[in-house]
Amino acid sequence: MSFNYQTLDPQLVAATEDWVAENFDSKLSQLIELVKIPSLAWPDVDKQPLYKSAERISQLLSETNVFETVEIIQSADVGTPAIIARRQAKPGYPQVLLYAHHDIQPAGDLKQWKTEPFNPEVIDDRLFGRGASDDKAGVVTHLAAAEMLRDLEGDINVGLTVFIEGEEEIGSPNFSDFLNTNRERLEADLIVVADSGNFELDTPALTTSLRGLVSIEFSITTLDHPLHSGVFGGVVPDSMMVLTKLLASLHDENGSVAVQGLKQMPDSGIEVPEEFIRLQSGILEGVDLIGKGNLVDRSWYQPSITVIGIDNPSVSDSSNTLQAKSRCKISARIAPNDDPASALQALKDHIVANVSFGAKVEFGEVELGSPYLARNSWATKLAKDSMAQAYGKQAIDMGVGGSIPFIAEFVRQFPESEVLVTGVEDPDARAHSPNESQHLPTFRKAIQTHGLILLQANRIVAE
Ligand SMILES: [Zn+2]
């Protein structure tokens, strides 16, 4: 469904700015309170804190008095609690779903932390603590948006669903089932995911693409049993020799993927200096970068292929033998506009075409993850306009090189919905690493952005 959004109401910009100025300290206190709860969903970890976190979040959502229902719902398998708060849209108005997750990564090596991970501390303009940025600031951002709707709009027309997942950091094992089972509770015209971030500290970004994933196992066989290399070496091909020749054909001399049939997207035009990539990756001095085109586009918009495992005798078990059979696993990141099934076929075709000496190929297990590419719609315009006002700077379209399986799942299960990926992280937020922190000015701007999206959605109707 499309909605009649044209431009942001200027009154809303001023009103949300004032609201944030007045309420930011209390939102920060709520964030600190949530970061103190070590809400891990890890299977062998005590789940009490995760339940405590779910209870507290559902209480905070209830206290807004915006929602008709606030429920804690168990996922089927591992028993992790999600929270769904819902208020139904008036006829003709959009239903907006705000997504974040309340489970966190483990703290990791405590010696590397300069603060206590679960005793959050503000240092300069950052709040340090595990989960501060990923994704508890996302949770509080949604809570604030609901409160803004209540405080600043006389009539609430828009529908609002807040969905806080409890198992994102363990790979959302029940997500697909959960969406299916709770379809009616979750149905929405617009889904706003707050679990990504900005490209630079001061530059807002809408994450508009994610690469997909195709991984495949295969084996190469040349002999019916291993042979003495002194007797047959130089006459009979061994499986590893065939495999290495094949793997070498996956990339050209620049290190770009050389498999026909994989798609790539046009350049973003966003330039980053090579030094930035060198610093972030820790690539050794004298080692060259690979690929062609814009540096960011190589990981956002182009495919990549990595050999991630080979079964052949290890060096310590090696002998002077021609191996009969070698097993290998390769993993490809595919461009946001590509399709996992056709990319898989392209990889298989390439493997079959590049096996030398008539060796036998056998394909094994396959893993497919769909990419994501945002539509250009009323919703992307609304989000970018809101960001431009809150940050005072135009938002850029950002890609993410990895896949976020639950985003693809949202798109798959709700194909009619607009899905927007935003977030509160910045390049120095260090999600998943020691010294994770939330940049507070970004938190403030994200709250205003989400408030603007929701309040403007309260004033638009279906076309
Ligand atoms: Zn996250």
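Both counts, for ligands and for their atoms, begin at 1 and track the order of listing.
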Subject >> Heteroatom test (N, O or S) for Glu169 near the Zn ion (ligand 1), limit 2.8 Å >> reply: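 Checking Glu169: none of its N, O or S atoms is under 2.8 Å.
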
Subject >> Residue Asp134, metal the Zn ion (ligand 1), N/O/S under 2.8 Å >> reply: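 Asp134 does place an N, O or S atom closer than 2.8 Å to the Zn ion (ligand 1).
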
Original post:
Ion pair present between Lys393 and Asp202, side-chain N to carboxylate O less than 4.0 angstrom?
Top reply: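 No salt bridge links Lys393 with Asp202.
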
Original post:
Between Trp300 and Tyr372, is the gap from one ring center to the other below 6.0 Å?
Top reply: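 Ring centroids of Trp300 and Tyr372 are no less than 6.0 Å from each other.
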
**OP:** Please list, chain by chain and in numerical order, all residues satisfying ring pair (Phe, Tyr, Trp, His ring centres under 6.0 Å) with Phe3, sequence neighbours excluded.
**Re:** Trp378

Under 3.5 Å, sequence neighbours excluded: what are the donor-acceptor pairs made by side chains of residues 31-39?
residue, atom, partner, partner atom, Å
Glu33, OE1, Arg56, NH2, 3.3
Glu33, OE2, Arg56, NE, 2.5
Ser39, OG, His102, O, 2.7
Ser39, OG, Lys136, NZ, 2.9

**OP:** Report the angle formed at the Zn ion (ligand 1) by atom OD1 of Asp195 and atom NE2 of His101, rounding to the nearest 10°.
**Re:** 100°

